[in-house]
Structures are given as structure tokens and as C-alpha cells.
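Shown next, in C-alpha cells, is the structure this report addresses.
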Amino acid sequence: MINGAKYYIFSSFFKYILINMIIFIGLIWLSQILRILELQNSISNQIFDVIKTTSLVLPSFINPLMPFLIILGSFFLNYKINSSNEVIIIKQYLAIKEIANLIFFFLFALILLYFVNNEYFSIKTYHKYKIEELEIRNNLKLGIPSQNEFHIENELSIFFDKHEDNVFYEIEALIYQEDQFIKSNSVEIEISKKNFNLVFQYGERILLNLDEKSKTNFDKFTYSIKNRDVEELLMDKEHFNTFDLLSHNNNEFVNQGHNRIYQYVLNIVIIFTAFKIIFLYIPKGNLFKTFLIIFLLVLFLQIINSYTIYLLNNESLSIYYYYPINFLLLISFIFTLNKFIK
């Protein structure tokens, strides 16, 4: 019976955490897809690439959501076992030692998952995401090929037989500004510094402008499109683990490293809080009020932490005050919770 009760709590708790994570991450995923596409007409051509790419950024959103996912998971589990009075039966069969063992098991499992995702997995996937996002956004600025035609507004038109990624084969191209006609075996779109470069391979070029009328054969010819606001990959805070952030030469990155240390401590406190919530037995009419107050307290902790990080970044607060302020509030949260939940 004891093992059955432990398994029941374990499976139900993780189930509700997973459900909440899917809901929140799903909404974030949708917003990321729309952000990249920017509601352009190219959505039908790029949608699958965008969905695949944006899935890579989702692990990095789990980290800031973790305290709320744990709290919400405990709310749902408590509501379920409270509604059916199962909480009374479980507390009768589980001694303090069994409950303590269960708490430490959850603590180890959740912190391990949080650590692996925070320090390794989300960093790797985020880096891949930024590279692929950059490629998609730059491609959207050029345009999307359709029906064997590729048009870049006020620059050129390319007609081709087939294409793979950014390479087009058996092409004919019209370059408007220089009155050029190009026929070649292939053309590849490359991004270099602030330009989009079209590299034509093995073909002929005809110029029919006022300054020149000529026909030349070439093995390689490069045409550059300037002033298209090419986006470059910038290394932001999500590219680094906690140790790298703390040793970074940018103060904002260092501050983010201190924030991650605080988040580890906060998540440990939240896990202990979750178990107080799970085994809480109060009249059903007071449950939602209790849940709302606890949720708002956790939200308040995160808001104050975000504000102190903002002050750190603006050099209005010293790191020597950052930890005392946040840990004092965290201790106050623990004492308030102990008085609120008995």
C-alpha cells in the first residue's frame, strides 16, 4: 500500500507538471512561429521549416517556467486528492519518513533535470535555433521561390528547373538595375557580412545597358545585393552555461549567472513548498483562494528578482545587495507559507 501511494503521488505529480508544461510551451511555440514569419505571405512555403526551427528554442523556456510548473502541478494534484478525500488516506498510510524520502527523491530528480537542461541541453538547442532562425529570417527578406521562379523585388528574377536549399539549377536570370541577362548551370545564395551574394556557376552573361553591350562566358560570377539588412548571429545570455556567464567580461552576462544561482535555490524551496501543498487538507471552498495566494507570492518573488537584475544591469544596485534582498524575501516567503499552511 505504501509503495502504491508513493507511485500514485509520483506519477500524478509529474503528469500534472507535464500537462502544464505542454500548455505553456505550446503557447510560447505558437508565438515564436508567428514572430519569425511576421505574418508574411510566405507562411505556406516556410511553415514546416519554421515549426522545426522554433522547436529548438523550447527547452530554454522551461527553465524560467520551472517554479510555476512545479507549483501548478502540486495545485492540480492536491485538488484531485482533496476532492475525493484521498489526501486523508494517503497521510494515514505514509509516515513522516516515507514522505521525507519522497520529497528528497523528487528534489533530486527535478533538480537533476533542471540542471541538465539549464547547463547543457537548452544551450545546445538554442544555439542551433539561432543559426536556423537567422537563415529563415534572411531568406524571408529575400523572398521565397515558387513555381520555378524566384523574384527579389527591384533587383532580379530567377527562373530555374529545380532547387535544393539555397542552390538553384539550370537557371536564367534577369538583373534589372544593370540590364543583364544570365544563363548558367546553377546559382547559390550566400550571406556575407552585410550583403546577399548570388554566386553563378558556369554560364554566360549578356549586358544591354547604355554603357556597355557585351556577351561573356564565365566559370564563376558573383552578384551582390546590398542594403537588405542582413541579420547576424549575436551571442546572447542563453548561449552560455552558469559558469561561463559568471566568468564573462560583460556585466549583464555575469548578472544573469547570479540570477541562475538564485533560481537553483528558489526551485529547491519551491519543491519543498509543493509537497506542503500536495498534503494540504482544507475545505474545498478555500482551496482556490489558498492556491491563488501562494501563486501570487511566487510571482512576486520572481518580479522582485527580475527588478533587482534590472538594477544590477543599470549599475543602480551592487551584487552585494542582490543576494541579501532576494534571500531575505525567500526566507520571508518560507515563514509566511508555514503560518499560512499548517
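If you read the sequence from its start, that first residue is 1, and numbering goes on from there. The basis for the numbers below is simple: all heavy atoms, side chains too, and nothing from hydrogens, waters or symmetry mates.
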Quiz item: How close do Glu252 and Lys237 get, heavy atom to heavy atom, and via which atoms?
Solution: O-CE, 3.6 Å
Quiz item: What do the steps show when you test Leu72 against Phe295 for side-chain contact (heavy atoms from CB on, under 4.5 Å), and what is the final call?
Solution: CA-CA 8 Å; Leu72 288 173; Phe295 186 86; 4.1 Å; yes
Practice problem: Please confirm whether Tyr264 and Tyr114 have ring centers closer than 6.0 angstrom. | Solution: yes
Quiz item: Is the closest side-chain heavy-atom distance between Ile331 and Phe335 below 4.5 Å?
Solution: yes
Practice problem: Would you confirm whether Thr242, through its side chain, and Gly257, through its main-chain N or O, come within 3.5 Å as a donor-acceptor pair? | Solution: no
Quiz item: Between Asn251 and Asn313, do the side chains contain an N or O donor and an N or O acceptor separated by less than 3.5 Å?
Solution: no
Quiz item: Sub-3.5 Å donor-acceptor pair from the side chain of Asn185 to the main-chain atoms of Gln201, do we have one?
Solution: no
Quiz item: Should we count CZ of Phe121 as having more than 12 external heavy atoms under 6.0 Å?
Solution: no
Practice problem: Using modelled atom types only, decide if a donor and an acceptor are shared between the side chain of Asn305 and the backbone of Leu301 within a distance under 3.5 Å. | Solution: no
Quiz item: Is the charged tip of Arg205 near the ring of Phe221: under 6.0 Å from the six-membered ring centre and within 45° of its axis?
Solution: yes
Quiz item: Could you walk me through whether Leu65 and Met21 pass the side-chain contact (heavy atoms from CB on, under 4.5 Å) check?
Solution: CA-CA 8 Å; Leu65 286 174; Met21 184 172 69; over 6 Å; no
Exercise. Indicate the ring-plane relationship of Phe288 and Phe291, choosing parallel, tilted or perpendicular according to the 30° and 60° boundaries.
Key: perpendicular
Exercise. Examine Tyr120 and Phe253 and state if one hydrophobic cluster contains both, with Ile, Leu, Val, Met, Phe, Trp and Tyr joined whenever side-chain heavy atoms are less than 4.5 Å apart.
Key: no
Practice problem: List the steps and the verdict of side chain to side chain donor-acceptor pair (under 3.5 Å) for Asn217 and Tyr202. | Solution: CA-CA 8 Å; Asn217 295 322; Tyr202 302 106; over 6 Å; no
Quiz prompt | Heavy-atom closest pair, residues Ile175 and Ile182 | solution = CD1-CD1, 3.6 Å
Practice problem: Using distance alone, with no hydrogens and no angle criterion, decide if Thr216 and Glu204 have a side-chain donor and acceptor under 3.5 Å apart. | Solution: no
